[in-house]
Structures are given as C-alpha cells and as structure tokens.
Amino acid sequence: MARNIKLLVYPVKNVEKAKAFYGKFLDIEPYVEGAYYVGYRVGDVEVGLDPNSSVGPIAYTDVKDIRSSLQAMIEVGAETVQDVKDVGGGMLIARVKTLTVMLLGLDNNQSSY
C-alpha cells in the first residue's frame, strides 16, 4: 500500500514566524505560499506548514488508490479523521488515527506516478 513518505506537514500558530524559522533551517525559500499552506521542497520530500491545523506533525504516505487504501486502514483498526478530500490540482488527501493514536496521512498526488 504505502509507496513512500514524501510529505511532512507541521501545524503552526504563527505562519510568519514559522516561515522565518523553516526558511533559515532548511536554507531555502518556500515554493508555495498561501493563507492555507506554505510548502518547501527538500530533495524528494516536501515540508509543509499548515496554519489551519492544530494536529501534527503528519507524515503523508503516497498511495496509488487512496480510497481503497483508506478502507484497508479502517479494516485493520484505523479511525478516519478526515475522509478523502481534494486539496487542489487533483491532489487527494485523507487522514487516519492509527492504533497507536498517531495521525497518518494518505495522499494520491498524481504527479508522483
């Protein structure tokens, strides 16, 4: 099911302070900036800042079929936190709470295939 982990999203309270920190820490400028999300590309991994979230960090694993992967996770005891949602550009995401009470995200980023 899981192919890789290419996206780590951190909740932030103050996006401007977080951008200053991550810009310095990662030594790069964000490739995308918006009120809803700030993203940095570090090699093959994307580091995201989410000013609208209070949970995390969340590691998103890239899956080929997000709906069947979500269902498979539920069947082995995961609890849906966020059902499949289109977040733009054809990218679908979902979130589950695992048996160890950590959040795990699934994404179906078509550009990865």
**Prompt:** Nearest heavy-atom pair of I28 and R41: which atoms, and what distance?
**Reply:** CD1-O, 3.1 Å
**Message:** Restricting to salt bridge (Lys or Arg N to Asp or Glu O under 4.0 Å), what partner residues turn up for E29, sequence neighbours left out?
**Reply:** none
**Request:** Could you list the residues that satisfy side chain to side chain donor-acceptor pair (under 3.5 Å) with Q82, not counting sequence neighbours?
**Result:** none
**Request:** Determine the minimum heavy-atom distance between P11 and S53, stating which atoms define it.
**Result:** CB-O, 3.2 Å
**Asked** For E79, which residues count as a side chain to side chain contact (heavy atoms under 4.5 Å, CB included) partner, sequence neighbours excluded?
**Response** K97
**Item:** Nearest atoms (heavy-atom pairs only) where V45 meets I5
**Value:** CG2-O, 4.4 Å
**Request:** With rounding to the nearest 0.5 Å, note down the distance linking CD1 in I74 to OG1 in T80.
**Result:** 3.0 Å
**Request:** Report yes if some heavy atom in the side chain of D50 is under 4.5 Å from a heavy atom in the side chain of Y10; otherwise report no.
**Result:** no
**Message:** For A35 versus N52, what's the shortest heavy-atom pair and its separation?
**Reply:** O-ND2, 3.6 Å
**salt bridge (Lys or Arg N to Asp or Glu O under 4.0 Å): pairs with one or both residues in residues 8-18, sequence neighbours excluded** = E16-K19
**Prompt:** For the atom pair CG (L49) and CG (L8), what is the distance rounded to the nearest 0.5 Å?
**Reply:** 11.0 Å
**Prompt:** How long is the gap from CG on L70 to CG on D65, to the nearest 0.5 Å?
**Reply:** 10.0 Å
**Asked** Is any side-chain heavy atom of V32 closer than 4.5 Å to a side-chain heavy atom of V38?
**Response** no
**Side chain proximity check, P51 to V12, heavy atoms < 4.5 angstrom** = yes
**Asked** Considering residues at least two apart in sequence or located in another chain, which fulfil the side chain to side chain contact (heavy atoms under 4.5 Å, CB included) criterion with V87?
**Response** K85, M91, I93
**side chain to side chain contact (heavy atoms under 4.5 Å, CB included) between Y60 and R95, worked out** = CA-CA 8 Å; Y60 284 85; R95 295 180 191 155; 2.7 Å; yes
**Item:** Of all pairs that satisfy ring pair (Phe, Tyr, Trp, His ring centres under 6.0 Å), the ones with a partner from residues 23-59, not counting sequence neighbours
**Value:** F21-F25
**Beyond-backbone contact of L26 with V42, side-chain heavy atoms, under 4.5 angstrom** = yes
**Prompt:** Atom NZ in K6, atom OG1 in T61: separation rounded to 0.5 Å?
**Reply:** 10.5 Å
**Message:** Is any side-chain heavy atom of Q71 closer than 4.5 Å to one of E75?
**Reply:** yes
